[in-house]
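Read through the structure below, which is laid out as C-alpha cells, and then see the notes.
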Amino acid sequence: MKKKITLICLSIFLCTATFAQKKETPLYKDAKQPIEKRVDDLLSRMTLEEKVMQLNQFTLGRNDNANNMADPVNDIPAEIGSLIYFSSNPDLRNQVQKKAMEKSRLGIPVLFGYDVIHGYRTVYPISLAQACSWNPELVKQACAVAAQEARMSGVDWTFSPMIDVARDGRWGRVSEGYGEDPYTNAVFGVASVQGYQGDDLSDGKKVAACLKHYIGYGASEAGRDYVYTEISRQTLWDTYMPPYEAGVKAGAVTLMSSFNDINGTPGTANHYILTEILKERWQHDGFVVSDWGAIQQLRSQGVAKDKKEAAMKAFNAGVEMDMMNQCYDNHLAELVKEGKVSEELLNDAVKRVLRVKFRLGLFETPYTPASKEKERFLLPQSLKIAEQLAEESVVMLKNNNNALPLTGVSKVAVVGPMAKSNWHLLGSWRAQGKAEDAVTVFAGLENEFKNKIQLLYAQGCDFDGEDKSGFDEALTAAKSADAVIVCLGEKAQWSGENASRSTLSLPQIQEDLVTELKKAGKPVILLLSSGRPLELTRLEKLSNAMLQIWQPGIAGGNPIAGILSGRINPSGKLSITFPYATGQIPIYYNHRQSARTHQGKYQDIPSTPLYEFGYGLSYTTFEYSDIKLSAHKVKRGDKLIAEVTVKNTGNMDGAEVVHWFVRDPVSTISRPVKELKHFEKQMIKKGETKTFSFEVDLIQDFGFIDGEGKRFLESGEYYVLVKDKKVMVEVE
Ligand code: GLC
C-alpha cells in the first residue's frame with residue numbers, strides 16, 4: 001500500500017513539474033518549433049528598448065591595452081544584439097554571452113561578427129588573387145575552412161564576401177573583391193557564401209555570410225575612399241547589382257550597407273537599393289548591417305543634420321543594424337515614439353535579426369565549445385588548400401626565351417624587399433593571421449632548391465624611400481650568380497581600406513634597383529607582390545620574366561618556388577586589367593565600343609592595357625579549335641551549346657581556363673564589346689585534347705539588363721567568343 005501511495009505521489013509530482021516546466025518554457029525556446037513561430041513569439045514578448053538593443057552592434061576585445069581595457073563583461077549591456085569580436089579565444093565571448101543568456105530578461109544570445117575576408121588564422125591569398133585561380137570550388141573550400149576556424153573561435157558571422165566590382169586600382173579596396181567583372185564577382189561571391197554558410201548554419205563549423213559593400217563602393221571617384229560615386233541606373237544594374245543578386249539568391253543571410261554616396265543618396269540611406277530591390281523585389285529575409293560609422297557619417301555626407309536624423313534616414317531606408325554609430329541605441333526608441341519610425345518597421349527589423357540568430361542555432365548553442373588552438377587552426381588540409389590556392393593564383397606575365405623555369409643554373413641571387421618578408425605576404429584584412437605562419441619567398445626557394453642551387457641573398461633596398469646603400473651588395477650578388485630573382489611589391493598596408501594611392505607604379509627605389517641589377521647582364525626574374533594591379537611598363541622592359549604573386553597569404557612561398565623550378569606549371573589568369581599607365585584608368589575589358597575606333601586614342605601612350613583581363617602565361621602551349629555550336633539560329637526557350645576543344649601542344653601538363661564571352665553588336669541599349677558569361681578550368685596533359693562547353697541560357701547570357709533591372713533579349717545577331725575565335729548565332 002505504502003509503495004502504491006509513494007508511486008501516486010511521485011507521478012503527481014512529475015505531472016506538476018512537467019506542467020510547470022511546460023508553462024515556464026516559452027515557445028521561442030522550444031527548438032522543435034518552426035523558426036518563424038519562435039521569432040513571432042519572442043518578438044511579442046519584447047519591450048521597445050529590448051527591440052532597439054537587438055539592432056545595435058558594439059565591439060568586444062578591440063582595445064586590449066591593459067592600462068585602459070574597459071571591463072567588457074560589465075560594460076556591455078546584456079541585451080546587445082551583436083558584437084564585433086576581435087579575440088581568437090572564445091572565453092571572453094562566452095563570458096559576455098553568459099551574461100546575455102542569464103542576466104537579460106529574455107535570454108537572447110548575442111551575435112558575434114568579424115572580418116574574415118581571406119581566411120581566419122589560415123590566411124589565404126587576397127580575394128583579387130583568388131579570382132585569378134578561376135577555381136570557385138577551391139575558393140569555396142577555403143571559405144569553409146575560414147568558417148570552421150572562425151566559428152570555433154567565437155565568431156558566428158563574417159563580414160564577407162566583398163563583391164564590389166572595381167576598375168580603379170588606385171582604390172585600396174580593389175584587393176578585397178574579385179576584380180573588374182560582374183560575372184566573376186558573382187561566381188566567386190556565391191562560392192564564398194556556400195563555403196561560409198554550407199547547408200546548415202546551425203552547424204558549429206559554419207558562419208553567416210555578409211555581402212558587401214552594398215552597393216557601388218568600387219566606383220569611388222579617382223580611387224579615393226569613402227567618396228562620391230556617380231552610378232547611372234543602367235550601370236547600377238548591368239555592373240554592380242549582378243554579384244549581389246547572385247549572392248542573395250545563394251542565400252547570404254546578411255548584407256552590409258556601403259559608405260559611398262550614390263548619385264546624392266548614400267548607400268546607407270538608399271531606400272531604392274535597401275528596400276525596394278533587396279527586400280521587395282529580391283525578397284531577402286535576413287538583415288542589413290551598416291558599415292562601421294556609415295549611419296552617423298550621413299551627417300558629413302550632408303544628408304542628415306544630426307545623429308537622430310541619420311538614424312531615422314538609415315532605418316527607414318532599410319538598414320536593420322547599427323555598427324558602431326551610437327545612433328540606433330540613442331535615438332530609435334524616441335523616433336518610434338514620435339512616429340518618425342513605424343513600430344511595424346521596427347518589428348520587421350528585429351524579426352530579421354532574430355531569424356538569423358535562430359538559423360545559426362545560437363539559442364540552443366549560445367556558447368562556443370572549448371577547443372585547443374591546434375584543433376582549430378592551420379590543420380594539414382587547410383594548409384594544403386592554402387598552398388593550392390596560392391599556386392593557382394600566381395599569374396605569369398612574361399617569360400622571354402624561357403627564362404623560366406630556372407634550369408641549368410647553380411647560383412641564383414635573390415634580391416628585394418619582398419624576398420624575406422612574411423607580414424606583407426598576408427595582405428590587408430589578415431584577421432588572426434600571424435607573420436610567423438607565413439612561408440616567405442626566400443624560405444620557399446630554400447625548400448625548393450636546397451642541395452641544387454646556391455642562393456645568394458641581398459635586400460637591395462626597402463619598399464620605398466631613397467636609400468640606395470644596399471645596391472652595391474645586390475649588384476655584387478647578381479654578378480656572381482647565373483640569374484637574379486628580384487622580389488618587389490607593396491607593403492600590406494598600401495592596399496585595403498583607407499589605402500588609396502595616386503599611382504599603380506611601385507616606388508622609384510624599387511625600379512632603380514632593377515635598373516642597377518640589369519648591369520650584371522644576367523637574366524632578371526621579377527616576382528611582384530601587390531594588393532592591386534600594377535603599372536609595370538618600365539619594369540617589363542628590364543625583365544626577362546615576371547610573376548604576379550599578389551599577396552599569397554601564409555602558404556605562398558613553396559608553390560611560388562615550385563613555379564620557378566618548373567615543378568609547377570602556372571595557370572593563373574588576370575581578374576583585373578593591368579594598365580599601361582595609371583593615366584589610362586578606368587580601363588577594363590568589358591567597355592563600350594567607341595564611336596570612332598580609328599581615332600580618340602591617347603597622343604602620348606598606347607590606349608591598350610599592358611596586360612588585359614584574362615591574361616596569363618603557361619609553361620606549355622594550348623591550341624584552340626574553332627567554336628562549334630549546337631545551332632546557328634535559335635529562338636527563346638531553345639537550348640544552345642557551344643563547344644571548343646583545347647589541345648596541349650607543349651611538353652608539360654598544364655591547367656587551362658577557357659573564358660566564354662558573348663557580344664551583342666547591335667542592341668537598344670549599347671552593350672560592352674564583350675561580356676564574360678562562363679568559365680571552366682581543366683588540367684590537360686601534354687599531347688592531350690579536352691573539350692570545354694558552355695550551355696548558353698539565351699535570356700541570362702545573351703539578354704541584357706536595363707536601367708530598371710529588367711532583363712530583355714532582342715532578336716538579332718549575337719557572337720560567342722573564346723580567345724581569338726568567334727561564332728555568330730541568330731536569335732529569332
Ligand atoms: C570597415 C569596413 C568594412 C568592415 C567593417 C568592420 O570600415 O568598411 O568592410 O567589415 O568596418 O570591420
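It should be emphasised that the depicted structure is a prediction, and the values quoted were computed from it without experimental measurement. Because only heavy atoms are used, hydrogens play no part in the values below, and waters and symmetry mates are left out as well, while side chains stay in. Counting starts at 1 for both ligands and their atoms, following the listed order.
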* Asked: Heavy atom of M323 under 4.0 Å from ligand 1?
  -> yes
* Structure fact -> dist N56:CG -> N325:CG (nearest 0.5 Å) comes out at 9.0 Å
* Assess whether ring-ring contact (aromatic ring centres under 6.0 Å, His included) is satisfied between Y114 and F159, documenting all intermediate values. => CA-CA 6 Å; Y114 186 55; F159 306 130; 8.0 Å; no
* Asked: For ligand 1, does E176 get within less than 4.0 Å through its side chain, its backbone, both, or neither, judged by non-hydrogen atoms?
  -> neither
* Should you measure from each heavy atom of E497, which atoms of ligand 1 turn up under 4.0 Å away? -> 1 (C), 2 (C), 7 (O), 8 (O)
* Close-contact set for ligand 1 against F159 heavy atoms, below 4.0 Å -> 10 (O)
* Structure fact -> Applied to residues 256-285, the ring-ring contact (aromatic ring centres under 6.0 Å, His included) test, sequence neighbours excluded, yields Y217-F259, Y226-F259
* To do: Would you mind listing which atoms of ligand 1 come within a distance below 4.0 Å of any non-hydrogen atom of H213?
  => 3 (C), 8 (O), 9 (O)
* Asked: Quick check: does any side chain N or O of Q197 sit under 3.5 Å from a backbone N or O of V193, one acting as donor and the other as acceptor?
  -> no
* Structure fact -> shortest atom 3 (C) of ligand 1-to-protein heavy-atom contact is with D291 OD1, 3.3 Å
* Asked: Taking the six-membered ring of W171, is NZ or CZ of R224 closer than 6.0 Å to its centre and within 45° of its axis?
  -> no
* Could you tell me which atoms of ligand 1, counted from 1 in the order shown, lie closer than 4.0 angstrom to a heavy atom of F259? => 7 (O), 8 (O)
* Asked: Would one find an N or O of Y217, backbone or side chain, under 3.5 Å from an N or O of ligand 1?
  -> no
* Euclidean distance, D291 CG relative to C210 SG, rounded to 0.5 Å -> 9.0 Å
* How does M324 reach ligand 1, by side chain, by backbone, by both or by neither, if only non-hydrogen atoms under 4.0 Å count? -> neither
* Do Y244 and W237 have their ring centres less than 6.0 Å from each other? -> no
* **Side-chain donor or acceptor of T275 paired with backbone N/O of A317 under 3.5 Å** => yes
* Would you mind listing which atoms of ligand 1 come within a distance below 4.0 Å of any non-hydrogen atom of K212? => 3 (C), 4 (C), 9 (O), 10 (O)
* Asked: What atoms of ligand 1 come closer than 4.0 angstrom to any heavy atom of M256?
  -> 3 (C), 10 (O)
* **Residue, atom name and distance, where the atom is the protein heavy atom closest to atom 6 (C) of ligand 1** => D115 OD2, 3.2 Å
* Asked: Against heavy atoms of W292, which atoms of ligand 1 measure under 4.0 Å?
  -> 7 (O), 11 (O)
* **Face-on cation placement of R167 at Y588 ring, 6.0 Å and 45° thresholds** => yes
